[in-house]
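Report on one structure; see the data block that follows.
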Amino acid sequence: MKNMWKYILIGLGTVILERILLGVFPTWFNGMGELGGLIIGVGFFLAFEMVICTGAIISKIGSKDK
């Protein structure tokens, strides 16, 4: 049960971080328009999330081998 709350909090933190980044990216890429900035923001965030998740999976696999 303790691990479940940990992952729920991580998920909520991720959603909040994504919402902040999607609010900021259109202003950073203001020459593209709002839709273009949102698309780039989602792409950057998904790439960031995939790197973090891959690192977590690899670290779990590496710790079980030892």
Side-chain angles (χ1 to χ4, degrees):
M1 188 72 169
K2 187 176 180 180
N3 282 339
M4 184 177 79
W5 286 110
K6 176 179 150 183
Y7 291 119
I8 288 173
L9 288 176
I10 290 171
L12 288 175
T14 303
V15 169
I16 291 169
L17 179 65
E18 180 180 16
R19 189 65 202 138
I20 290 169
L21 284 177
L22 290 182
V24 172
F25 261 91
T27 59
W28 287 348
F29 296 102
N30 58 359
M32 299 181 68
E34 188 173 345
L35 182 61
L38 282 175
I39 291 170
I40 288 180
V42 169
F44 274 112
F45 187 76
L46 288 176
F48 169 75
E49 205 169 39
M50 285 179 62
V51 167
I52 298 298
C53 289
T54 303
I57 290 169
I58 289 173
S59 70
K60 291 284 185 180
I61 290 173
S63 66
K64 287 186 179 183
D65 288 342
K66 292 181 181 178

For Thr54 and Val51, indicate whether the former's side chain and the latter's backbone hold a donor-acceptor pair under 3.5 Å. no
Are Leu17 and Ile40 connected in a single hydrophobic cluster, I mean Ile/Leu/Val/Met/Phe/Trp/Tyr linked by side-chain heavy atoms less than 4.5 Å apart? yes
Is it the case that one hydrophobic cluster holds both Ile52 and Val15, taking links as side-chain heavy atoms less than 4.5 Å apart, direct or via other members? no
Using a 6.0 Å cut-off, check whether atom CD of Glu34 has over 12 heavy atoms from anything other than its own residue. no
Hphob cluster co-occupancy, Phe48 + Trp28, side-chain heavy atoms under 4.5 angstrom: yes
Consider only side-chain heavy atoms of I, L, V, M, F, W and Y, link residues closer than 4.5 Å, and tell whether Met32 and Leu21 are in one cluster. yes
Enter the distance from Thr14:OG1 to Arg19:CZ here, rounded to the nearest 0.5 Å. 15.0 Å
Nearest-0.5 Å distance that lies between atom CG in Leu38 and atom CZ in Phe45: 13.5 Å
Enter the distance from Trp5:CH2 to Leu9:CG here, rounded to the nearest 0.5 Å. 8.0 Å
Who are the ring-ring contact (aromatic ring centres under 6.0 Å, His included) partners of Phe44, not counting sequence neighbours? Phe25
